[in-house]
There are 2 protein chains.
Amino acid sequence: MSEEGQQSISSRDLAELLGANPWQIRKDFSYFGGFGTPGVGYKVEKLAKQINKILKLDVIHKAALVGVGNLGSVVLAYPGFRIYGFDIAAAFDTDSKKIGRKINNVMIEDASNLWMLKRRKIYIAIIAVPRDTAQETADALVKAGVKGILNFSPCYITAPRKVKVITIDIAMDLARLPYYMPAS
Amino acid sequence: MSEEGQQSISSRDLAELLGANPWQIRKDFSYFGGFGTPGVGYKVEKLAKQINKILKLDVIHKAALVGVGNLGSVVLAYPGFRIYGFDIAAAFDTDSKKIGRKINNVMIEDASNLWMLKRRKIYIAIIAVPRDTAQETADALVKAGVKGILNFSPCYITAPRKVKVITIDIAMDLARLPYYMPAS
DNA sequence: CTATGTGAATTTATTCACAGCA
DNA sequence: TGCTGTGAATAAATTCACATAG
């Protein structure tokens, strides 16, 4: 909207766009202080900035990818991270055939060098390794000072409470569909 | 657990395993009738069956993949769908170089034949096409009688209310991490 | 004795309704 | 007049506590 020159938006329009209702929008924003203008609505640009601040997306985050297989390569090639302020600054693999090569301008490094992440101030990692090495990868990442992990391996991962782990299992997401579908 | 020979599990153990509390587990199950045994717990095998039934995962679901690019190929190669009873029964693409080839024993068909899905009784589809063709792909799928869509394109998709759409945007999932991470 | 299932109590979230500001 | 922000009212979810079944 900002790019399209729209100045402001009302809670009603925003609600319709999101499939919610206006009260919810206003109440939710009010919990963070309320940043609208009565009679006008929410200034689009200001709103976006506030939301980014709330979600801590107001700074560039460096992230590391571990596992440059099929899925890992897709992640490296994915252009969508930039709009949220992410920079895939490193990639790791155990396969010596891959180490040293570059994908999308990112050099693939030896996975035994994960400990260097702390020195490089990278606190976010994406795990895209086979299921049976996911936990040990996570352990290494935690040891390297990583504070947030996005896990693509289809398994639960244990980590200290202060490390946030989000697991994405595309099969599980697919499995959510039948429940909502009318009787087939 | 079933494979490991474990007969039953208590709400307490289940809660610990899931990071929840026992009351929640029991209350949730009770909403669906309650299928535990006082003094013993929940029979593992029976519980799994009940949950599959609730989630409508107690039958085999055929699914179609649209878009066999980088991400689509990963989806085709992904072994994890089977445990939830999914069968990727068809794959489509617009690229004539890909049409006719087989990946993971699935023949890639011409995307203009999507309408055949109805005849083949496939009601679930996975969209893995570029963002700018995602909506038209969804429209074609809806027209072909699809009732559930898993969308991997990073964009909102509009569909009739009776068609359930779940969108996965890996960048957005990554973007959830900073909020939970301690101040860096 | 042990662990479920469930009403009741409590907490949390959503919706309403309207005062007040641009 | 139009739309926000927010207390109050309503609805929903979670937690408790205990009767009851194996």
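Chain letters run A, B, ... following the sequence lines, proteins first and then strands; every chain starts at 1. All values below were derived from every heavy atom in this structure, side-chain atoms included, with hydrogens, water molecules and symmetry-related copies excluded.
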For [N], does OP1 or OP2 lie under 4.0 Å from any side-chain N or O of [X]?
| X | N | answer |
| --- | --- | --- |
| Asn21(B) | dT15(D) | yes |
| Arg26(A) | dG5(D) | no |
| Gln24(A) | dT15(C) | yes |

Rounded interatomic separation in angstrom, taking [atom1] from [X] and [atom2] from [N]:
| X | N | atom1 | atom2 | answer |
| --- | --- | --- | --- | --- |
| Trp23(B) | dT10(C) | CH2 | P | 15 Å |
| Phe29(B) | dT4(C) | CZ | P | 10 Å |
| Leu47(B) | dA3(C) | CG | C1' | 15 Å |
| Asp28(A) | dT4(D) | CG | P | 14 Å |
| Ile25(A) | dG5(D) | CD1 | P | 12 Å |
| Lys46(B) | dG22(D) | NZ | P | 11 Å |

### Task
Indicate whether any N or O donor in one side chain lies under 3.5 Å from an N or O acceptor in the other, for Tyr78(B) and Asp169(A).
yes
### Task
Would you kindly say whether Tyr42(B) and Asp13(B) are connected by a side-chain donor-acceptor distance under 3.5 Å?
no
Give the nucleotide from the list [options] with an atom nearest to the side chain of [X].
| X | options | result |
| --- | --- | --- |
| Pro38(B) | dT4(C), dT14(D), dC3(D) | dT4(C) |
| Lys27(B) | dT4(D), dT6(C), dT4(C) | dT6(C) |
| Thr37(B) | dA3(C), dT6(D), dG22(D) | dG22(D) |
| Tyr31(A) | dC3(D), dT14(C), dA17(D) | dT14(C) |

### Message
According to a hydrophobic-cluster definition based on side-chain heavy atoms being under 4.5 Å apart (Ile, Leu, Val, Met, Phe, Trp, Tyr only), do Ile103(B) and Leu71(A) belong together?
### Response
yes
### Query
With a 4.0 Å cut-off on heavy atoms, is Tyr42(B) in touch with a base, just the backbone sugar-phosphate, or nothing at all?
sugar-phosphate
### Task
Tell me what Phe35(B) touches on the nucleic acid: a base, only sugar-phosphate, or nothing, going by heavy atoms under 4.0 Å.
sugar-phosphate
### Query
Is the CZ atom of Arg12(B) crowded by more than 12 outside heavy atoms at less than 6.0 Å?
no
### Task
Check whether any side-chain heavy atom of Ile126(A) lies under 4.5 Å from a side-chain heavy atom of Ile88(A), and answer yes or no.
yes
